[in-house]
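Keep in mind that this is a model prediction, so the values were computed, not measured. Values below: every heavy atom of this structure, side chains too, minus hydrogens, waters and symmetry copies.
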Amino acid sequence: MVRFEEAIPHGGMSLKPLLKSMIETEGPLPVSTYMTLCLHHPEFGYYARGGGIGRDFTTAPELSQVFGELLGLWAVNTWRGMDAPTPFTLAEWGGGRGTLMRDARRAAALAPDFMAAHQLHMLDASPALLGRQVSALETDLVAAHSGLSELPHDPLILIANELLDCLPARAFSRSGGQWHEKLVGLTDDGELGFGLSDAPNIDVETTSVEDEIEVQPGFEALVAALAARPQPFHALFVDYGPSSSAPADTLRGYKDGAQVDPLAIPGDADLTVDVDFGRLARLARQVGLEVAGPLPQGLFLGALGIETRMRQLIAENPEKAPDIHQGVATLVEPDKMGERFKVICLSSAGLPSPAGF
């Protein structure tokens, strides 16, 4: 359990001078270390101070209530496929402002047995965001945690939307047939800049034809933590990235709805990378997990009945029809989020395949 705190004020300071001092003292930083500090430094980190959902970026639950509603009904269907265990843990990891889970539980309320059986848990590395999530859910039946290991060992249904893209990534560049790690150091004029390690890294394993790759070390810890759970579970992840190939040089920053240089304003911009779904699936299978997907978000939501729910919502709110239609279109159309975003479900062995796949 974490203690809720308000976002920590800047006090006129920023993360950049601290990073420069660290580099001057200890040498260049791996990109993964740079991302971790920018996102989670306890005083100046982007998420430690509350993030910028709705200002710097917008997620699927904020675009349309239908997204969360369908995932709520998916959770009900999934729970019944697990033989309706009672009690069980319903958890969201990286829940932003609590919008997804609020919409999901409203839809799941159509199944009173599900609502009576579930124990709600929210996970987030940011105490400030956890506080917002609990307030948004308006229920006393929620527990808040900083990580997966803190969840009870009951049967679990876990949902995580746009969590994986924030897991820090190591970056590598191929030069002269050898892989060198990309580092964040200082340029000749004292500003942050990218460079390469002098010594090659012999541990990089990839079949990529690209000369740039990114690897998220957190994937190993994630699948190991899931595989160690003693009770059955389904863990659904929605994020963006290629289905099978390794991402190449995708680190970017977002501020006020626009893409920015990831080195320009550390701690004041969201940092993100594309997710290597193929690698995540391979690692999960190696530890004995079942894998469904990755499937394009548009196909997944289509299989869950998004068109039907959209028509129902328009019939109930005809004056909002254009906005409802636009929100759903953004979620499913291939040239928007429908193809770029993928859905993958990691499950314990022996469970029925989850709906939507």
For the backbone of [Y] and the side chain of [X], can you confirm whether one donor and one acceptor N or O come within less than 3.5 Å of each other?
{"X": "T99", "Y": "E62", "answer": "no"}
{"X": "S21", "Y": "P17", "answer": "no"}
{"X": "H41", "Y": "E43", "answer": "yes"}
{"X": "S348", "Y": "F233", "answer": "yes"}
{"X": "S197", "Y": "E181", "answer": "yes"}
{"X": "D276", "Y": "E214", "answer": "no"}
{"X": "K336", "Y": "A329", "answer": "no"}
{"X": "K20", "Y": "L186", "answer": "no"}
{"X": "K182", "Y": "F194", "answer": "no"}
{"X": "D154", "Y": "T89", "answer": "no"}

Please determine whether side-chain contact (heavy atoms from CB on, under 4.5 Å) holds for the pair E150 and H121, giving the CA-CA distance in whole Å, both sets of side-chain angles, and the decisive distance to 0.1 Å.
CA-CA 10 Å; E150 298 177 19; H121 294 258; over 6 Å; no
Note: with side-chain heavy atoms under 4.5 Å as the link, the other cluster members for L183 come out as none
Would a hydrophobic clustering, with Ile, Leu, Val, Met, Phe, Trp and Tyr connected at side-chain separations under 4.5 Å, put [X] with [Y]?
{"X": "L283", "Y": "L236", "result": "no"}
{"X": "M35", "Y": "V260", "result": "no"}
{"X": "L222", "Y": "I159", "result": "no"}
{"X": "F44", "Y": "I265", "result": "no"}
{"X": "F114", "Y": "M82", "result": "yes"}

Quick one: do the T187 and D189 side chains pair a donor with an acceptor below 3.5 Å?
yes
With distance as the sole criterion, is a donor-acceptor pair present between the side chains of H180 and S173 under 3.5 Å?
no
Gap separating the [atom1] atom of [X] from the [atom2] atom of [Y], nearest 0.5 angstrom:
{"X": "T308", "Y": "L313", "atom1": "OG1", "atom2": "CG", "answer": "12.5 Å"}
{"X": "D239", "Y": "T272", "atom1": "CG", "atom2": "OG1", "answer": "7.0 Å"}
{"X": "T36", "Y": "L271", "atom1": "OG1", "atom2": "CG", "answer": "10.0 Å"}
{"X": "Q119", "Y": "F88", "atom1": "CD", "atom2": "CZ", "answer": "9.0 Å"}
{"X": "I324", "Y": "R311", "atom1": "CD1", "atom2": "CZ", "answer": "13.0 Å"}
{"X": "T33", "Y": "M22", "atom1": "OG1", "atom2": "CE", "answer": "7.5 Å"}

State which residue, out of D165, D56, D274, fulfils the salt bridge (Lys or Arg N to Asp or Glu O under 4.0 Å) condition with R252.
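Single salt bridge (Lys or Arg N to Asp or Glu O under 4.0 Å) partner of R252 among D165, D56, D274: D274.
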How close do N161 and P61 get, counting heavy atoms only, and between which atoms?
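Shortest heavy-atom contact: ND2-CD, 3.4 Å.
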Could you pull out the closest heavy-atom pair between V291 and A284, with the gap in Å?
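Looking at all heavy atoms of both residues, the shortest contact is CG2-CB, 3.7 Å.
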Would F237 and K342 count as a side-chain contact (heavy atoms from CB on, under 4.5 Å) here? Give the steps.
CA-CA 8 Å; F237 298 91; K342 309 296 191 305; over 6 Å; no
Determine, for K16 against D268, whether the closest basic-nitrogen to carboxylate-oxygen distance falls under 4.0 angstrom.
no
For the residue pair H234 and W74, categorise the inter-ring angle as parallel (less than 30°), tilted (30 to 60°) or perpendicular (more than 60°).
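Judged by the thresholds at 30° and 60°, the geometry between H234 and W74 is perpendicular.
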For residues 216-231, the side-chain hydrogen bond (donor to acceptor under 3.5 Å, both in side chains) pairs (sequence neighbours left out) are E220-R279
Intermediate values then yes/no, side-chain contact (heavy atoms from CB on, under 4.5 Å), Q65 and R106:
CA-CA 10 Å; Q65 69 183 71; R106 184 178 61 251; 3.6 Å; yes
Can you check side-chain contact (heavy atoms from CB on, under 4.5 Å) on R55 and K255, steps first, answer last?
CA-CA 8 Å; R55 181 191 69 236; K255 181 68 174 175; 4.0 Å; yes
